[in-house]
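We use all heavy atoms of the structure for the numbers below, so side chains are in, but hydrogens, waters and symmetry mates are not. Just so it is clear: chains get the letters A, B, ... in the order the sequence lines come, proteins before strands, and each one is counted from 1.
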Amino acid sequence: MRNQQRTASSPSIADAYITVEPFCLGRWIGQKYSLSSAPSVRGGSEGGRGAYDRGGCGGDLDCRVAVMLADTKEGETCIEKELFGEPDDPSKQHANINFEKYNNIPVERTGSGFPEPVTTFMNPPLDPVLLENIVFARYISPTPVQKYSVPIVAAGRDLMACAQTGSGKTGGVFLPILSTSFTSGPRPPPHDRQATGYNIRRKAYPTALILVPTRELVSQIHEESRKFAYRSWVRPAVVYGGADINSQIRLIERGCDLLSATPGRLVDLIERGRISLANIQYLVLDEADRMLDMGFEPQIRRIVQEEDMPGVHERQTLMFSATFPRDIQMLAKDFLKDYIFLLVGRVGSTSENITQEVEYVEDNDKRSVLLDILANELKGALTLVFVETKRMADMLSDFLMANSLPATSIHGDRTQREREMALQTFKTGRTPILVATAVAARGLDIPHVTHVINYDLPSDIDDYVHRICRTGRAGNTGVSTAFFNRSNRNIVRDLKELLHEANQEIPAWLETVAHESSGFGGSSHGRGRGGGSRGRGRGNASCDYGSSNFIKYNATKVCPME
DNA sequence: AAAAAAT
């Protein structure tokens, strides 16, 4: 199969051929056609050689039938721009990771016979086409989590990793999965007794499935997978709620080998007989703790255990989670076999990269204080403002806009289109102020956020950590400002402790409030730090991680490794 | 208590 993948070098005009590019009809993928025998393709041909559709540059997905002459540099560049961005496009750019800082990452591994970490993408050898895509995507050197997870996944082992979502970790699973897939080629779907003449053609049989809790996260992961799957036979696809199901169905009909999905929409499509899991070789559960928090457990168990997915011994399963409470341990016990437990943290990253400020602001004063802060923000700075309720997100963004500030908002009551638009205009800097609820707190990788404002503080310190970690990413620096008043007493003890650990200034009044509140019921008191007691592994013979190190490097103290 | 997610 590999010989069907086009390499980066363009052929001469003499052997001009048409290559059907990503997004296109599955059966043509990778096939070469001479100019005269090229199949006609809807929505593209401008006659002669230029059978290339503008869709590749950002048009409607539907008309992204990007057939092109392999030697039209223009066409190739166009797709590459869309996938990988301009070198200076801030919305696609990966922040430059300061790898020097990453030498002292705490890493824990438990399990039998784990492979040694790698230091480059060349080892274990990855498929050459994939290596080119890695270069296109400007991944230079593996992140700490990749150094450990790439060889584990490449060795075919099941993995339970405590680390957060983002480009680094996502790459850590995609790279070895895709490398193996590229090299071994597509796998024919197994005999499916339910497939009838009608749906045998229209049912998708993905070989890899990645389950993700939120819609924004799933589309972010899908974008990553498109980069890595570029110029291979692997068709990445994405399904999630809130978007038109019929257009998603049309897209998965065109190819669906690596599927990123939110659980609800996936179940819907399985019920409709559009997707079969019978061919799954790789299963990835991302942000597993978050999925359980959101009540996805029944749906996840249904997808994994009650549909036609191959059993735990017939597939490779990878789970990611920020924390490792008992319900996640149970899930791991049921879904994984002889797995390796990997914990990659970043000690002190909050103190290194993020300056945390806490200001005492009464509710009535919050608006004017916010205006003051925003007025002093530098040009081009992206500011993320967190609030607790959807209503507040709307009110605050309206208020900011009424004050001529370029703001938008993201929360669960906005339509999916509005949410995506908000994220997009924020990333590109058109609306450099984004007011958000918890939907944006975890996992989302938005480069160049320089300031996170907790307009309303969350009641859970873990949420606070996730929020402020939207800035100061990948070795960059960032500022976080929290508006605190007495209604936030429930978090004061954890907050004080966190600031102390991160070597941040603790205002005197915060000490006072903390003192006042002693006995108020600081949430962490008596059960160990940051839910550490939830993280104790017990009663799992195959993987004993009962050491206190897990607690030490829990997400509470450590900026999530992404 | 709120948020997220299938319609």
Side-chain angles (χ1 to χ4, degrees), chain A residues 164-165 209-222 237-249 251-252 259-275 277 285-304 306-307 321-323 327 363 384-397 409-420 422-423 434-444 454-467 470 485-491 520-521 523:
Chain A
Q164 284 289 304
T165 281
L209 171 65
I210 169 156
L211 283 173
V212 184
T214 68
R215 297 169 182 171
E216 277 70 25
L217 212 43
V218 85
S219 66
Q220 176 182 306
I221 286 171
H222 173 63
V238 64
V239 299
Y240 54 85
D244 178 31
I245 196 167
N246 289 312
S247 56
Q248 285 181 359
I249 289 174
L251 286 170
I252 60 181
L259 178 62
S260 308
T262 49
R265 179 55 64 88
L266 177 61
V267 167
D268 192 354
L269 287 162
I270 291 171
E271 281 174 359
R272 292 174 189 233
R274 294 303 191 145
I275 292 176
L277 303 177
L285 295 184
D286 205 358
E287 301 257 319
D289 51 353
R290 181 114 197 270
M291 288 207 272
L292 295 199
D293 286 346
M294 289 166 63
F296 278 142
E297 179 159 10
Q299 286 167 90
I300 292 168
R301 285 198 179 269
R302 171 171 174 189
I303 290 165
V304 177
E306 288 160 38
E307 298 294 336
S321 183
T323 57
D327 46 2
D363 286 348
L384 193 47
V385 183
F386 280 105
V387 294
E388 275 298 272
T389 65
K390 297 184 271 202
R391 223 170 78 85
M392 182 58 95
D394 279 336
M395 279 167 34
L396 195 57
S397 64
S409 70
I410 185 166
H411 61 73
D413 275 355
R414 302 201 77 190
T415 67
Q416 195 53 31
R417 183 175 284 270
E418 288 170 330
R419 284 162 58 164
E420 281 162 20
L423 213 47
L434 180 64
V435 184
T437 61
V439 69
R442 290 178 190 236
L444 280 190
N454 274 291
Y455 188 89
D456 297 322
L457 272 166
S459 51
D460 185 335
I461 193 73
D462 285 346
D463 287 337
Y464 171 82
V465 173
H466 278 285
R467 288 178 179 190
R470 296 311 99 203
N485 58 47
R486 284 197 161 68
S487 66
N488 302 115
R489 270 174 304 191
N490 53 4
I491 202 181
F520 183 85
S523 62

*Have A/Gln248 and A/Arg274 got a donor and an acceptor in their side chains that come within less than 3.5 Å?*
no

_Between A/Asp394 and A/Lys390, does any side-chain N to carboxylate O distance fall below 4.0 Å?_
no

*State whether A/Arg215 and A/Glu418 are salt-bridged, where the test is any N-O pair (Lys NZ or Arg NE/NH1/NH2 against Asp/Glu carboxylate O) under 4.0 Å.*
no

*Sugar-phosphate atoms are those with a prime plus P, OP1 and OP2; base atoms are the rest. Using that split, label each nucleotide of nucleotides 1-7 of chain B B, S or - for protein heavy atoms under 4.0 Å, 5' to 3'.*
BSSBBBS

*Start with the C-alpha gap between A/Gln220 and A/Glu216, add the side-chain angles, then the distance that decides, and say whether side-chain hydrogen bond (donor to acceptor under 3.5 Å, both in side chains) holds.*
CA-CA 6 Å; A/Gln220 176 182 306; A/Glu216 277 70 25; over 6 Å; no

*Selection residues 237-246 of chain A - residue pairs positive for salt bridge (Lys or Arg N to Asp or Glu O under 4.0 Å), sequence neighbours left out*: none

